[in-house]
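Reading through the structure tokens given below for one structure.
Keep in mind the model is a prediction, meaning the values are calculated, not measured.
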Amino acid sequence: MVAFIRFAALAAIGLSYLGIRLRRKKQHSNQTIEEDLSRYEKNQEGLYPWEQDQNDSPNRIEKNAARYVNQARPRRGRW
């Protein structure tokens, strides 16, 4: 009897998960890329704001600039 209750509970959880997943997939398929970009305006050259300045050469870094150190993740292997 306990096994049947566990099976029924897991089956209900699985079916609800699939239902939610299919519903979200249907919602996301309705959205197009143009709708996402409609909030942004292009400039006179026809570029979006993130496309304007793409020069990432090391020559643009100032000599006295502070070095970026990524501390968002834990350090491993150090005591």
Side-chain angles (χ1 to χ4, degrees):
M1 186 68 182
V2 174
F4 176 73
I5 293 172
R6 286 183 183 170
F7 171 75
L10 288 174
I13 291 171
L15 289 175
S16 64
Y17 170 76
L18 287 176
I20 291 171
R21 188 170 175 197
L22 287 174
R23 183 169 31 114
R24 287 185 182 168
K25 183 178 179 182
K26 199 180 299 183
Q27 289 173 353
H28 287 296
S29 67
N30 294 339
Q31 296 175 351
T32 61
I33 295 175
E34 291 300 323
E35 291 176 1
D36 293 341
L37 297 178
S38 64
R39 300 180 289 188
Y40 304 103
E41 295 180 3
K42 293 185 177 183
N43 61 4
Q44 290 83 13
E45 292 111 24
L47 298 173
Y48 287 107
W50 59 87
E51 297 175 323
Q52 290 177 7
D53 186 18
Q54 293 190 358
N55 181 9
D56 58 353
S57 70
N59 297 335
R60 292 185 63 189
I61 301 173
E62 299 176 4
K63 298 298 180 190
N64 59 354
R67 184 170 178 259
Y68 173 75
V69 179
N70 185 5
Q71 296 180 352
R73 56 185 169 180
R75 295 182 180 180
R76 300 180 189 239
R78 298 183 183 179
W79 289 95

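Separating the CG atom in L10 from the CD1 atom in I5 is a distance of 12.0 Å, to the nearest 0.5 Å. In this structure, K26 NZ and R21 CZ are separated by 14.5 Å, a value rounded to the nearest 0.5 Å.
Within a 6.0 Å radius of CD in Q52, other residues, nucleotides and ligands contribute more than 12 heavy atoms.
Between I61 and A65, the closest heavy-atom pair is CG2-CB, 4.1 Å.
The aromatic rings of F7 and F4 lie tilted to each other, with the angle between the two planes from 30° to 60°.
The salt bridge (charged side-chain N to carboxylate O under 4.0 Å, His left out) pairs that include a residue from residues 44-56 are D53-R60, where partners are two or more places apart or lie in different chains.
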